[in-house]
Amino acid sequence: MRLTGGKVFDLERGFVERDVCFDGALLTPASRDGESFDAGGCWVIPGLTDVHFHGCRGADLSDGDPDGLQTMAEYELSRGVTQICPAGMTLLEDRLMKVCRTAAAHRRERRPGADLVGINLEGPFLSYAKKGAQNGDWLHEPDTDMLRRLMDAAEGLVKLVSVAPELPGAADFVKAASEDVNVAVAHTAADYDTALEAFRCGARQVTHLFNAMPGFTHRAPGVVGAALDSPWARVELISDGVHIHPSMVRAVFKMFGADRVVLISDTMRAAGMSDGRYDLGGQEVTVKGPLATLADGTIAGSVTDLMACMKTAVSFGIPLADAVRSAAVTPAQAIGIFDRVGSLEPGKRANVVVLDPDLNVKAVFFKGRRV
């Protein structure tokens, strides 16, 4: 297959006019089969990787339901998200074990849809003061042994774990966990010094920057300032037009650069569905338009998928090349899969998305096949 006439995302130059070729599941320097696809006037980008979303189309990772996970994978693939690393909520250990085993079985069985490349344990090692939409009754102090049990159940799929660094034992937890997974600072009331210590102990990411943490102010820079002063730290950003003001989205890209920003969707099960009432981690959520809230008004995840979040970031003034980098390249790097996905170099998987001039999905190629 040869995709011709498109403006192709390039790691060094932004967008260039060249062909994209693949034979079978991998990108190649040239194509031998003679088949072509006219991408004239379109943008050609790598398939995206969402490292933080909970569900879509009525399903949620926390359900521990194999069919629901497949529904999620198929919907995400239809939206140009070719790699998924869905997130669990704060749940009791037995339910988290079920989630991990379900994910491991999904990968073993190679079910249809986007590649399940990991899972993200957003809970339960979080602060009650900043729990957000997490269930406070099920929060748990950082527990390395518990994490190891969950990692074993997931058969290597745990790629991210969140922790509030002010909790007892958090520093030792970060040091131990960071040997095997990407540790993210999250749902925390930590000040600058406490957060900075977590990054020094091995944390390398911030979960949904600005949300469920202290603000970024001139005398109390908090988690945001600590992340900025830790060059190895990446920051997740929900660019759905609800969680973060457009000015702040622009500020984050200016402060951190696209190579440190990880665009995420943080969607819950209502994504791709109509307005109504839904469940998130055992709590009722009301969805109206792009806004999902608990009964007390707390924002409860998003209903805007990652491709739409990327498009929204562009509407806020983020250059398309930077938005693509933060939705395809940086997240793949964050969970250690960039050697095989996330860009359009020969030898990588032929996971390619064609966007029309208005950034709507026109075609998705997954492992060399149009889906």
Side-chain angles (χ1 to χ4, degrees), residues 6-17 39 41-53 79-81 205-213 215-218 221-225 227-231 233-267 271 289-292 299 301-334 342-344 353-362:
K7 291 164 282 191
V8 178
F9 176 76
D10 181 87
L11 284 170
E12 303 298 328
R13 295 178 288 170
F15 282 92
V16 298
E17 292 187 5
C42 295
W43 306 96
V44 181
I45 67 172
L48 308 187
T49 298
D50 198 344
V51 301
H52 188 155
F53 79 105
R79 298 294 302 137
V81 182
Q205 195 152 309
V206 180
T207 298
H208 45 51
L209 192 71
F210 298 114
N211 295 111
M213 65 187 62
F216 178 48
T217 68
H218 62 301
V223 174
V224 180
L228 189 60
D229 288 343
S230 304
R234 299 181 178 93
V235 296
E236 297 177 0
L237 193 66
I238 311 171
S239 179
D240 63 349
V242 173
H243 284 77
I244 308 290
H245 190 279
S247 179
M248 193 58 78
V249 172
R250 292 188 290 271
V252 169
F253 273 86
K254 289 176 182 177
M255 289 191 297
F256 287 90
D259 57 351
R260 293 179 64 189
V261 176
V262 178
L263 286 181
I264 63 167
S265 69
D266 199 19
T267 54
L291 181 64
I299 295 177
S302 162
V303 294
T304 306
D305 64 75
L306 183 58
M307 188 65 74
C309 284
M310 187 188 81
K311 181 178 178 179
T312 301
V314 174
S315 76
F316 291 164
I318 304 304
L320 179 58
D322 287 348
V324 171
R325 183 175 293 274
S326 292
V329 177
T330 315
Q333 292 172 332
S343 63
L344 298 176
V353 181
V354 180
L355 303 176
D356 71 16
D358 296 321
L359 305 184
N360 300 308
V361 175
K362 180 175 182 178

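Since this is a predicted model, take the numbers as computed values, not measurements.
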(request) Grab the two heavy atoms, one from Leu355 and one from Cys42, that are nearest each other, plus how far apart they are. (result) O-CB, 3.1 Å
(request) Calculate, to the nearest 0.5 Å, the distance between atoms CZ and NE2 belonging to Phe316 and His245 respectively. (result) 8.5 Å
(request) State the CG-NZ distance between Asp240 and Lys311, to the nearest 0.5 angstrom. (result) 15.0 Å
(message) In the structure I gave you, are the side-chain heavy atoms of Phe210 and Val224 within less than 4.5 Å of one another anywhere?
(response) yes
(request) Provide the closest heavy-atom pair for Gln205 versus Ala334 in the form atom of the first, atom of the second, distance. (result) OE1-CB, 3.5 Å
(request) Compare every heavy atom of Gly47 with every heavy atom of Val353, then report the nearest pair and how far apart it is. (result) CG2-CA, 3.9 Å
(message) In the structure I gave you, are the side-chain heavy atoms of Val8 and Leu344 within less than 4.5 Å of one another anywhere?
(response) yes
(request) Measure the CD-OG distance between Glu12 and Ser343 for me, rounded to the nearest 0.5 Å. (result) 10.0 Å
(message) If the threshold is 4.0 Å, N to carboxylate O, is there a salt bridge linking Lys362 and Asp356?
(response) no
(message) Checking the side chain of Thr312 only, and the main-chain atoms of Gly241 only, is there a donor and an acceptor separated by less than 3.5 Å?
(response) no
(message) What verdict does the side chain to side chain contact (heavy atoms under 4.5 Å, CB included) test give for Val314 and Leu359, after you've listed the backbone C-alpha separation in whole Å, the side-chain angles of each residue and the deciding distance to 0.1 Å?
(response) CA-CA 9 Å; Val314 174; Leu359 305 184; 3.9 Å; yes
(request) Any chance you could measure Ser239, atom OG, to Met248, atom CE, to the nearest 0.5 Å? (result) 13.0 Å
(request) Flag the pair Val361 / Met307 as yes when at least one side-chain heavy-atom distance between them is below 4.5 Å, and no otherwise. (result) yes
(message) Can you confirm whether Arg234 sits close enough to Gln333 that some side-chain heavy atom of one is under 4.5 Å from a side-chain heavy atom of the other?
(response) yes
(message) I'd like to check Leu263 versus Ile238 (side-chain heavy atoms, cut-off strictly below 4.5 Å). Are they in contact?
(response) no
(message) Checking Asp50 against Ser265: is there a side-chain donor and acceptor pair closer than 3.5 Å?
(response) yes
(request) Keeping the roles fixed (side chain from Arg260, backbone from Met255), state whether a donor-acceptor pair exists under 3.5 Å. (result) no
(request) Could you label the plane-to-plane angle of the His52 and His208 rings as parallel, tilted or perpendicular, counting under 30° as parallel and over 60° as perpendicular? (result) tilted
(request) Could you walk me through whether Met310 and Leu48 pass the side chain to side chain contact (heavy atoms under 4.5 Å, CB included) test, one step at a time? (result) CA-CA 10 Å; Met310 187 188 81; Leu48 308 187; 4.2 Å; yes
(request) Check Phe256 against Val235 and note the closest heavy-atom contact, atom names and distance. (result) CE2-CG1, 3.7 Å
(request) Would you mind reporting whether Lys7 and Val16 have side-chain heavy atoms less than 4.5 Å apart? (result) no
(request) For Thr304 and Cys309, indicate whether the former's side chain and the latter's backbone hold a donor-acceptor pair under 3.5 Å. (result) no
(request) Flag the pair Leu209 / Val252 as yes when at least one side-chain heavy-atom distance between them is below 4.5 Å, and no otherwise. (result) yes
(request) Can you see which heavy atom on Gly342 is nearest to which on Ala332, and at what distance? (result) CA-CB, 4.4 Å
(request) Kindly indicate whether the side chain of Leu306, heavy atoms from C-beta on, has any atom under 4.5 Å from the side chain of Arg79. (result) no
(message) The test is side chain to side chain contact (heavy atoms under 4.5 Å, CB included); show your working for Phe216 and Val223 and say whether it passes.
(response) CA-CA 8 Å; Phe216 178 48; Val223 174; over 6 Å; no
(message) Taking the ring centre of each residue, are Phe9 and Trp43 less than 6.0 Å apart?
(response) no
(request) Look up atom CG in Asp322 and atom CG in Asp259, then write down how far apart they are to the nearest 0.5 Å. (result) 9.0 Å
(request) Tell me, please, which residues at least two apart from Phe253 pass ring pair (Phe, Tyr, Trp, His ring centres under 6.0 Å). (result) none
(request) Give, for atom CG of Leu11 and atom CZ of Arg325, the distance between the pair rounded to the nearest 0.5 Å. (result) 5.5 Å
(request) Just do the side chain to side chain contact (heavy atoms under 4.5 Å, CB included) check on Val81 and Thr49 with the steps written out, would you? (result) CA-CA 6 Å; Val81 182; Thr49 298; 6.0 Å; no
(request) Please report the shortest heavy-atom distance between Val324 and Pro46, naming the atom on each side. (result) CG1-CD, 4.0 Å
